[in-house]
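Encoded as structure tokens, the structure appears first; notes follow it.
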2 protein chains.
Amino acid sequence: MARQVTISEVAKLAGVHASTVSRALNPATRSLVNEKTARRVITAAESLNYFPNIMARGLRTRLSMTIGVIIPDLTNPIFPSIIRGIEGHLAPLGYTTLLADVDGSNALEDSAISSLVQRQVDGLIIATGVEQSSLVKTLSESGLPVVLVNRGASETGYPLVTGDDDMGIRASVEHLHSLGHRNMIHIAGPQSFSTSRGRADAMKRACEGNSMQLRIVEASALTVEQGERVTDALLAEPNRSFTAIQASTDLLALGALRAIRKFGLRCPEDISVSGFNDMPFAEEFSPGLTTVRVPLEEIGIESARQLMRAIKDGPGSPLVVTLPVSLVVRASTAPAST
Amino acid sequence: MARQVTISEVAKLAGVHASTVSRALNPATRSLVNEKTARRVITAAESLNYFPNIMARGLRTRLSMTIGVIIPDLTNPIFPSIIRGIEGHLAPLGYTTLLADVDGSNALEDSAISSLVQRQVDGLIIATGVEQSSLVKTLSESGLPVVLVNRGASETGYPLVTGDDDMGIRASVEHLHSLGHRNMIHIAGPQSFSTSRGRADAMKRACEGNSMQLRIVEASALTVEQGERVTDALLAEPNRSFTAIQASTDLLALGALRAIRKFGLRCPEDISVSGFNDMPFAEEFSPGLTTVRVPLEEIGIESARQLMRAIKDGPGSPLVVTLPVSLVVRASTAPAST
DNA sequence: GTGAAAGCGCTAACAT
DNA sequence: ATGTTAGCGCTTTCAC
């Protein structure tokens, strides 16, 4: 750590006591000190290139002005947008975010949580869908404000911010229905994720409502590879009867696209494919992916807002904030081949 | 901040003095304390769910075990991979990364740097190509270890980790040459980025060496939109003579692809396009993008490694670490149309 | 091998 | 309006 200019050096230069420097430099207490003195202090601080030591301050104020963000996988393109929303909302408030990418591992998640807690974060935004982590219990006992994003662990008692999966799935299924599709596949994500479960359930309801045939297959991870794998299996079966695929995420849809191409079939002529999330560049794929646009950055912003509220007002009721989504029709869906 | 179990509560429960707890819990000093006592302390700590307060410790040790990472834009898909490399290397060493996304703004970058410095980061990895930020001068005076990634600001005296742009451009140009292309466009990025300049220079050299005609156009930002805009302008000109485009980044190449499509031309039949970086999903685009694969995660790892070295050994010579890259040929390049 | 005491840089009571 | 004092939780001499 670099040699640090301390508050007392500034005090000496300005010819005042350290506490006066502290007051002069803190906007909230600036009014307590004589304006001329304040100006002198500020000049001194600038000339010395003084940066207050936030750790020392935090030790005193019991506020770190830091919040922790835990995500399962930074390379999943939905998370950067969410993070951007969080940072964009928090930075102007003076908060800095400590980011932990836990790479989908439970063990890493535990160590990330404890590392963040040790660093005295003032709150935590968790996007991993923690369900059974033992630390979470500890966490909730500790009273540290937590907001869940995107994936909600059941019964944690924390606020959850998420897109409206039900609405998105319904819009997509209706779109497919209007194109004449009557028999479809849902590629679900791992059922340990609440999002995957929610979307699969929404599929069942939507297909019943539209009297469409539905078959659900489950991918073991939310990756292109797993989407490809399950679609491979589907296409290898004799007598294919489905004409459309609704994937639980764009990544899975992308895998389906790959498999379809590999089998010498065409999308959308032979099979329509629809995704979920509208990840960046979904439009550039081949073909451009019809998908449900989830307001990722908004979700980030809203979760930051919820966290600020929880920090200020203490734990409220564990409300669920659901943001509206919209269908984006592109080239991967077309009338059902008859 | 949550009510915190302190070291003295652990000490009381274990029936020892706080300093003994400190020694017992720190692996480096554990040997100083009686094994049985240590065990008792550890049990007590666990039962109380004790987490050491890293800020308090840092105040004493002058080590925050935190490093700051400044990137220009999280939603640019090359950065998550780099960050992942950094975190992957640092987390096992006990370091946590404080991430600041400065959204391409110089003002934000300054405030991010000062926010990180205030938080006593032990070092900084900067991927924004800081050139004239006044804070950087201050920074280098302060002696805080810094490593530059990807984009090197000229003459900063900091180590730089980057991919081998020259090698990548050469490989791509030679590939295009062997396909019969003799007249090409380089879509350069903003010339304020050293990477953009370096790749443009490499283009000049490579084209001279292969006696290819080259024209360089400059995009005002590294985005799909700007790539599309400059390509639009190119295609609107009468008597197009080029048959291939080498973009400075994949995002720019993607924009070119869009423009080509919009003008009713085909890639690669009419125009070949090659990118740079091999961003995630470059393979899924339409057509799959020929590009230069840059070992992004490796770059992150190496920059973390360099930073650790600088933290341990003090500033070394400001070496430049250049990692090899490779050409990935996909569907966007084909023989020149005659 | 363990305890006592001091102090990291800061802010918040309290005093003046 | 400013100075004094104490203490946040921890580690680190220095004693014993």
Side-chain angles (χ1 to χ4, degrees), chain A residues 1-42 44-45 48-66 94 117-122, chain B residues 1-42 44-45 48-66 94 117-122:
Chain A
M1 198 145 65
R3 173 73 195 93
Q4 173 88 17
V5 180
T6 72
I7 201 170
S8 53
E9 296 175 48
V10 177
K12 193 158 55 166
L13 179 59
V16 295
H17 192 267
S19 57
T20 305
V21 175
S22 170
R23 285 188 278 254
L25 260 28
N26 182 336
T29 51
R30 165 110 87 267
S31 53
L32 298 178
V33 25
N34 184 306
E35 180 159 344
K36 261 180 60 183
T37 323
R39 205 177 310 283
R40 195 150 35 90
V41 168
I42 290 171
L48 286 178
N49 240 300
Y50 168 71
F51 290 95
N53 182 330
I54 296 218
M55 297 171 75
R57 172 188 296 167
L59 201 54
R60 202 50 251 247
T61 61
R62 326 194 101 258
L63 238 47
S64 68
M65 296 304 282
T66 302
V117 169
Q118 287 180 51
R119 282 177 167 76
Q120 313 302 116
V121 291
D122 297 333
Chain B
M1 197 144 66
R3 174 73 195 96
Q4 172 89 18
V5 179
T6 72
I7 201 171
S8 54
E9 295 174 49
V10 178
K12 193 157 56 167
L13 180 60
V16 295
H17 192 266
S19 55
T20 306
V21 175
S22 171
R23 286 188 277 255
L25 259 28
N26 182 337
T29 50
R30 164 108 87 265
S31 51
L32 299 178
V33 25
N34 184 308
E35 179 157 349
K36 261 178 59 185
T37 323
R39 204 176 311 283
R40 195 150 35 89
V41 168
I42 290 171
L48 286 179
N49 238 298
Y50 168 71
F51 291 96
N53 182 329
I54 296 221
M55 298 174 74
R57 171 187 296 167
L59 201 53
R60 210 40 257 243
T61 60
R62 326 193 99 258
L63 240 47
S64 68
M65 296 306 280
T66 303
V117 170
Q118 289 180 49
R119 281 175 169 79
Q120 314 302 116
V121 292
D122 296 334

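So you know, we letter chains A, B, ... as the sequences are listed, proteins then strands, and number each from 1.
Distance, B/Leu59 CG to C/dG7 P: 14 Å, rounded to whole Å. Look at CD on A/Gln118: it is 15 Å from P on D/dG9, rounded to the nearest Å. Taking atom CZ on B/Arg30 and atom C1' on C/dG1, their separation rounds to 15 Å, with Å as the unit. Put simply, CG on A/Leu63 is 21 Å from P on C/dG9, counting in whole angstrom units. Atom CZ of B/Arg119 and atom P of C/dC10 are 14 Å apart (whole Å). Taking atom CZ on B/Arg62 and atom P on C/dG7, their separation rounds to 15 Å, with Å as the unit. Atom CE in B/Met55 sits roughly 13 Å away from atom C1' in C/dT11 (whole-Å rounding). Taking atom CG of B/Leu32 as the reference point, atom P of C/dG3 lies 14 Å away to the nearest angstrom.
In this structure, B/Asp122 CG and B/Leu63 CG are separated by 4.5 Å, a value rounded to the nearest 0.5 Å. With rounding to the nearest 0.5 Å, the separation of CD1 in B/Ile7 from CG in B/Leu48 is 12.0 Å.
The two residues A/Ile54 and B/Met55 have their closest heavy-atom pair at O-CE, 3.6 Å. Closest non-hydrogen pair, B/Arg30 versus B/Ala38, comes out as CD-CB, 4.0 Å. In plain terms, the two heavy atoms of B/Ala11 and B/His17 that are nearest each other are CB-C, 3.7 Å. Scanning both residues, A/Leu25 and A/Ile42, for their nearest heavy atoms gives CD1-CG1, 3.9 Å. In terms of heavy-atom proximity, A/Tyr50 sits nearest to A/Val5 at CD1-O, 3.2 Å. Summarising the geometry of A/Thr29 relative to A/Ser22, their closest heavy-atom pair is OG1-O, 4.1 Å, with the distance given to 0.1 Å.
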N/O contacts under 3.5 Å, protein versus nucleotides 10-12 of chain D?
residue : atom : partner : partner atom : Å
D/dC10  : OP1  : B/Tyr50 : OH           : 2.6
D/dC10  : OP1  : B/Asn53 : N            : 3.2
D/dC10  : OP2  : B/Ile7  : N            : 2.3
D/dT11  : OP1  : B/Arg57 : NE           : 2.7
D/dT11  : OP1  : B/Arg57 : NH2          : 3.3
D/dT11  : OP2  : B/Ser22 : OG           : 2.8
D/dT11  : O2   : B/Arg60 : NH1          : 2.7

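Side chain to side chain, B/Thr66 and A/Arg119 meet the donor-acceptor criterion of an N or O pair below 3.5 Å.
Between the axis at the start and the axis at the end of the helix from C/dG1-D/dC16 to C/dT16-D/dA1 there is an angle of 40°, using five pairs per end and rounding to 10 degrees.
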